[in-house]
Amino acid sequence: MSDLGIGHSIPRGGLSEGRVEGLAEGLATPGDYLALMKPRVMSLVVFTAVVGLVRAPGDLHPLLAFTALLCIATGAGAAGALNMWWDADIDAVMDRTRRRPIPAGRVSAGEARAFGLLLAAFSVVTLGLLVNLVAGVLLAFTIAFYVGVYTMWLKRVTPQNIVVGGLAGALPPLVAWAAAAGTVSLEPMLMVAIIFFWTPPHFWSLALFRTDDYARAGVPMLPVVAGPDQTRLLILLYTLFLVPLAFSPAVLGFAGPAYGAVALACGAVMVRLAWEVFRQRQGGAAVTAAKRLFGFSILYLFALFATLLGEALAPQVAEALPW
């Protein structure tokens, strides 16, 4: 089996269901349930969804727009809670995640599962009934893909887990667009594609300086299975594909010159940092290069979508000005 293929599976059960259930002793706080929803991931989901909602054609009532964003945020939180429920055994042995509510014993696995399922049902049904069916179906698919395909399957069997599983994190702007327009088109699909191809270099750069953590947990992340040098090469190749893709909305007329300038400038920095990751292969310099790319990749995606949002809102702001 190829190093990049399926076949490196690890069973679930490093922290048994019974043991996880026994850890929680009624010490959970509202903050623990918020943590189950992965609020940092949720904030990125909501931000990209806002961009999809604002750029979509049509005039969605503000109350319905708020409902759509609330449902998308809740759906993301549901996926996060179900992910933590299923991955409690992995989280318990990783330094980065061992203080999460379930392995820390503040929330039981059963409580997290019930919480996630309740949030998922509420978000999908509410979005489908109050906004439109297309958006509801897309949100249901997003949650099911993240939990069923990525969390329960891909994460434990293949180093391509992030590549394929990244689709779930890329879909929120499409869900929001569908909520506003009732349909989908090329522009939101481009937003999805940008996030999809951004995800591997973003997470693989993290995995480069967290390799021991993933290896200890038995998660077949690319640096663990294929080695750091292969990972560095693929980070560079994905980045070289991502940057022109991210510039394409300006070429296709979906975005203006401000977006084009930001995409070019930030893309140049992204390529330079990816090249440094590829070039620096030993010691502290290699770790520093990976951390710099990981940090900037967050800024890169934010800058792209913030500019798309700014260009969409600029005419409305100009009209509202008294001069």
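As the structure is a computational prediction, the values presented were derived from the model and not from experiment.
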Give every residue pair that meets the salt bridge (charged side-chain N to carboxylate O under 4.0 Å, His left out) criterion with at least one member in residues 60-76, sequence neighbours excluded. none
Going through the checks in order, is the ring pair (Phe, Tyr, Trp, His ring centres under 6.0 Å) test met by Trp198 and Tyr238? CA-CA 8 Å; Trp198 166 85; Tyr238 266 88; over 10 Å; no
Intermediate values then yes/no, side chain to side chain donor-acceptor pair (under 3.5 Å), Thr158 and Asn161: CA-CA 6 Å; Thr158 173; Asn161 46 23; over 6 Å; no
side-chain contact (heavy atoms from CB on, under 4.5 Å) with Val50: which residues, sequence neighbours excluded? Val46, Val54, Leu69, Leu309
Taking Tyr259's backbone N and O only, do any of them form a donor-acceptor pair with Thr307's side chain (distance below 3.5 Å, no angle check)? no
Please list, chain by chain and in numerical order, all residues satisfying side-chain hydrogen bond (donor to acceptor under 3.5 Å, both in side chains) with Thr151, sequence neighbours excluded. Asn83
Would you please name every residue forming a side-chain contact (heavy atoms from CB on, under 4.5 Å) with Arg210, sequence neighbours left out? Arg96, Leu206, Asp213, Tyr214
Charged N-O contact under 4.0 Å between Asp95 and Arg216: yes
Which residues, ordered by chain and number, are linked to Leu264 in its hydrophobic cluster, where ILVMFWY side chains connect at heavy-atom gaps below 4.5 Å, directly or through other members? Phe247, Val251
Quick one: salt bridge (charged side-chain N to carboxylate O under 4.0 Å, His left out) pairs with a partner in residues 252-269, sequence neighbours left out? none
With Thr142, which of Leu174, Ile72, Leu171 fulfils side-chain contact (heavy atoms from CB on, under 4.5 Å)? Leu171
Among residues at least two apart in sequence or on other chains, which ones pass ring-ring contact (aromatic ring centres under 6.0 Å, His included) with Phe197? Phe241
Hey, what do you get for CH2 (Trp275) to CZ (Arg272), rounding to the nearest 0.5 Å? 13.0 Å
Taking everything shown except Arg281 itself, do over 12 heavy atoms lie less than 6.0 Å from its CZ? yes
Tracing side-chain links under 4.5 Å among I, L, V, M, F, W and Y, which residues wind up in one group with Leu63? none
Sorted by chain and number, sequence neighbours left out, side-chain hydrogen bond (donor to acceptor under 3.5 Å, both in side chains) with Glu276 holds for Arg279
Applying salt bridge (Lys or Arg N to Asp or Glu O under 4.0 Å), name anything that partners Asp212, two or more places apart in sequence or on another chain. none
The criterion is ring-ring contact (aromatic ring centres under 6.0 Å, His included); which residues satisfy it with Phe115, sequence neighbours excluded? Tyr33
What's in the same ILVMFWY side-chain cluster as Val137, cut-off under 4.5 Å, chained through other members? Leu133
Does a sphere of radius 6.0 Å around CZ in Phe145 hold more than 12 heavy atoms from other residues, nucleotides or ligands, not counting ones at 6.0 Å or beyond? yes
